[in-house]
Amino acid sequence: MKTLNDPLYRTERIYLDYNASTPIDPAVALAMEPFLHDHYGNPSSGHWASFDAKAALETARGQVAELLGCNGEEIVFTSGGSEANNLALKGAFFALRYKGDHVITTRIEHPAIIEPCRFLERLGARITYLPVDKSGRVDPDDLRQAITPRTILISIMHANNEIGTIQPIEECARIARERGVLFHTDAAQSVGKIATDVNGLGVDLLSIAGHKLYAPKGVGALFVRRGAQLEPIIHGAGHESGRRAGTESAMLAVGLGKACELARDLASMDGVRVLRDHFWLELQSRFGNRIALNGHPAHRLPNTLNVSFINCIGAEILNGLDGVAASTGSACHSGRIELSPVLEAMGITPEVGMGAIRFSLGRGTTREGA
Ligand SMILES: Cc1ncc(COP(=O)(O)O)c(C=O)c1O
């Protein structure tokens with residue numbers, strides 16, 4: 001019987017979609033393995049069957065905290081980046097509504113920020129969506145000017161998922177602190193690729209997503225600075241110090257913890273950056289001025305290369321590249337291809353933006369492919 005690994009079924013495969021999801025690191029899988037078979041106790045129980053699970057959960061919390069430079073009590077495990085973002089936005093809005101109703105974010109956030117903002121608008125929130133320049137960066141002066149006495153939260157992503165542009169978070173967070181406004185950053189794409197120390201960044205809330213950093217899907221975390229006011233969005237028993245109800249999965253937390261431990265060593269990103277830049281040079285020598293780089297040339301994630309093939313359609317190019325896994329930001333709606341909102345916000349024309357392809361490299365990428 002033929003299996004999927006049979007050479008007859010295999011095409012050459014090249015995975016360049018690490019910003020969409022990473023494989024699980026073998027060390028992460030190994031750490032999680034015992035929780036599939038043993039350690040099944042409920043971490044909240046008070047008997048022998050829970051002790052290993054509880055201890056592992058707290059060790060994992062410490063590993064996440066260590067990566068972010070905070071205390072374990074400031075980490076709330078979630079089901080992923082989307083939930084962490086929802087908890088930050090809705091939790092802050094519900095807790096601080098007595099103070100104001102104004103939230104500031106940017107036009108290029110992931111839908112896991114934009115959609116909760118739209119939801120809050122339906123509840124009466126006023127949201128300011130800051131513009132970005134042609135490289136995808138916000139201007140801290142725009143932020144300064146947008147803050148009003150009714151501003152209760154600012155949420156600006158650390159690095160953009162499509163173009164990799166890194167925002168001036170330190171400066172934006174400083175402005176927020178001076179004005180006494182809570183500051184959140186969605187670091188789902190930056191954790192494990194660049195430094196994400198919460199005190200260095202100066203943020204009050206920070207979201208991470210396990211499956212972007214070699215942990216499994218279905219787990220993430222929100223850093224909540226001690227003293228920050230946040231209403232839970234999942235009410236129930238007192239898990240996660242009353243901030244997120246639901247029996248914790250020690251197995252998933254252990255996976256995230258191990259992945260965070262590995263992510264402290266950013267040295268592997270140097271090699272990834274070299275490969276990414278080599279790929280860009282190769283493309284340039286082949287396509288010349290028929291391609292354009294999207295995103296900031298320097299303030300950019302080391303693994304991300306968003307390239308526009310001018311006057312082409314990115315999805316069509318990808319369809320023709322058998323075995324290559326990469327992404328295009330443009331979405332097909334009712335037969336019409338629409339420009340990615342991120343590229344649109346950067347002022348990129350449809351002729352350039354429609355041909356955009358995001359190549360994102362990772363630990364497993366080699367010069368030969370893979
Ligand atoms: C910047 C950013 N934020 C949030 C998310 C959502 O994370 P999750 O898939 O874990 O819910 C993603 C995933 O693509 C992302 O890229």
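First listed ligand is number 1; within each ligand, the first listed atom is number 1.
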Undergrad: Tracing side-chain links under 4.5 Å among I, L, V, M, F, W and Y, which residues wind up in one group with Ile166?
TA: Ile194, Leu301
Undergrad: Check whether the side chains of Arg358 and Ser327 place a donor and an acceptor atom closer than 3.5 Å, and report yes or no.
TA: yes
Undergrad: If we only count heavy atoms from C-beta on, is the Glu170 to Leu201 side-chain gap below 4.5 Å?
TA: yes
Undergrad: With Thr22, which residues qualify under side chain to side chain donor-acceptor pair (under 3.5 Å), at least two apart?
TA: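 Partners of Thr22 by the side chain to side chain donor-acceptor pair (under 3.5 Å) criterion come out as none, since no residue qualifies.
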Undergrad: What residues, two or more places apart in sequence or in another chain, satisfy side chain to side chain contact (heavy atoms under 4.5 Å, CB included) together with Asp270?
TA: none
Undergrad: When you look for protein heavy atoms under 4.0 Å from ligand 1, which residues do they belong to?
TA: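 Lining ligand 1: Gly80, Gly81, Ser82, Asn85, His110, Met157, Asn161, Asp186, Ala188, Gln189, Ala209, His211, Lys212.
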Undergrad: For the pair Tyr18 and Tyr15, name the ring-plane relationship: parallel under 30°, tilted 30 to 60°, perpendicular over 60°.
TA: perpendicular
